[in-house]
Amino acid sequence: MATPLTERLKADGTAVSIGEYEASGGYRGLEKARAMSGHEVLDLVKASGLRGRGGAGFPTGMKWSFVPAKDDGGPRYFVVNADEKEPGTMKDRILLEGDPHQIVEGIAIASRAIGAEHAFIYIRGEYLASAAALERAIAEATERGLVGRPEEGRGPEIEIHLSSGRYLCGEETGLLNALEGKRPNPRNKPPFPQVSGLWGRPTVVNNVETVANLPHILREGPEWFKALSPGSDAGTKLYGVSGWVAKPGVWEMPMGATVREILEGKAGGMAEGRVLRGFLPGGASTDFLGPDKLDLRMDFDSVGKAGSRLGTGTMVVLDDKTCPVGMVLSLERFFSRESCGWCTPCREGLPWIVRILEALEEGRGEEGDLERLEDLSRKLAPGRTFCALAPGAVEPLQSALKLFREDFEAHLRRKGCPWK
Ligand SMILES: Cc1cc2nc3c(=O)[nH]c(=O)nc-3n(C[C@H](O)[C@H](O)[C@H](O)COP(=O)(O)O)c2cc1C
Ligand code: SF4
């Protein structure tokens, strides 16, 4: 089973050096990209079928193609989104810490495709080890003349920016505001960042895992990339599992591996004495799926058809000894705290949801609370708020209300949490 993104990672956790990276074929993708025009690089990535790994699964080549083709002589920017604050998600950190040259090479390839001479890595503030590994890798690559000399066609210049730490800084337009030194409120779209992004200039934002795929696609070609997966979504995917399982962790597998292959095969199944009740397939802001979905393929389309989202591909598991109402409350507390307060349904709706869930847990629940929660979920549906934080926040709630209805009702009936 090919694992191009993680096969160089070292057991002792230290970062792959430039020598080790080059010895395993590193920077050959960039060499190829530099022998091609930016447009040819873009076409090749488009042909590979790569879809963004930051959560929405938007086709990467198509995203790049929205950058205006005509060069007006002004700057363009490429930005790596390494904020990774989605609860339950810890996949990008492994790539950043363990194989930073893969990211540096991916940045140089993407910058070649869109004509960017400056790139930024916007990284979660707590990821100090990742930032240090990247800094070293950028210095090594600059010293070898691989990046950092845009005036000689060996760009881009790469800067690392440590986030000051809000979930919303990961939303790509909030991220751009944060990079500009402003409050990370999301921006109106359109215009999309590809047309008017950082300081009003064309900008592409891509997730770490998306970027990590680029060196391999350039080196091995689009057909090789498509053949890595058994289904229609190309490539491999970093899947993760957290919760009461035997071996929580992150593993690279073919895109479209089944829930069973990940949960039982890699995570070793449920921890002793625990039974699977459900799981959030792609981080905290996705809908719960039940144990009947063990044979579901974890790719964008299959998870979408099953009523949830692949999101970040990192599952959060719910077992039979954990209260689903308490679990959802903990997630909604996070989302409510992280709301930027810009639009009323999110600013007022999320704290209201938290208050109702707290009341249910503490035995103060009232008749009509479950209907109120359903109504609030509808009011925070996609299109009702300025950004995707609020619709994502209600995905675990609305699905829990359906899948674990009897648990919510038991809180009302028994005047408190049956698990306490
Ligand atoms: C509240 C919120 C937080 C987000 N956090 C992240 C994040 O930490 N990392 C990330 O790559 N994308 C995050 N996203 C998605 C980004 O807005 C964007 O879609 C992504 O960086 C695009 O990269 P891709 O095309 O490579 O997937 C977030 C979105 C929202 C609404
Ligand atoms: S949905 Fe929430 S986080 Fe997004 S802009 Fe509105 S208030 Fe801010």
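What you see below is based on every heavy atom in this structure, not just the backbone, and it leaves out hydrogens, waters and symmetry mates.
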Asks: Between Phe335 and Ala284, which heavy-atom pair has the shortest distance, and what is it?
Replies: CZ-CB, 3.8 Å
Asks: Considering non-hydrogen atoms only, spot the tightest contact between Leu329 and Glu361 and give its length.
Replies: CD2-CG, 4.0 Å
Asks: Counting only heavy atoms not in Arg187, do more than 12 fall under 6.0 Å of its CZ?
Replies: yes
Asks: Under a 3.5 Å cutoff, is there a donor and acceptor pairing between the side chains of Glu22 and His101?
Replies: no
Asks: Between Thr286 and Gly311, which heavy-atom pair has the shortest distance, and what is it?
Replies: CG2-CA, 4.3 Å
Asks: Can you see which heavy atom on Tyr122 is nearest to which on Ser163, and at what distance?
Replies: OH-OG, 3.1 Å
Asks: Can you tell me if Ser336 uses its side chain to pair, donor with acceptor, with the backbone of Arg333 under 3.5 Å?
Replies: no
Asks: Side chain of Glu105, backbone of Gln102: donor and acceptor closer than 3.5 Å?
Replies: no
Asks: Ring centres of Phe120 and Phe78 under 6.0 Å apart?
Replies: no
Asks: Of Asp92, Asn81, Asn213, Leu238, which is the lone residue that meets side chain to side chain contact (heavy atoms under 4.5 Å, CB included) with Arg53?
Replies: Asn213
Asks: For the aromatic rings, using the six-membered ring if either is Trp, is the centroid distance between Tyr167 and Phe334 under 6.0 Å?
Replies: yes
Asks: Strictly by modelled atom types, are Gln398 and Arg378 linked by a side-chain donor-acceptor pair under 3.5 Å?
Replies: no
Asks: Answer yes or no: does atom CD of Glu135 have more than 12 heavy-atom neighbours from other residues, nucleotides or ligands under 6.0 Å?
Replies: no
Asks: Considering residues, nucleotides and ligands other than Arg183, do more than 12 of their heavy atoms fall under 6.0 Å from its CZ?
Replies: no
Asks: Taking the six-membered ring for Trp, are the ring centroids of Phe192 and Phe66 within less than 6.0 Å of each other?
Replies: no
Asks: Is the CD atom of Glu143 crowded by more than 12 outside heavy atoms at less than 6.0 Å?
Replies: no
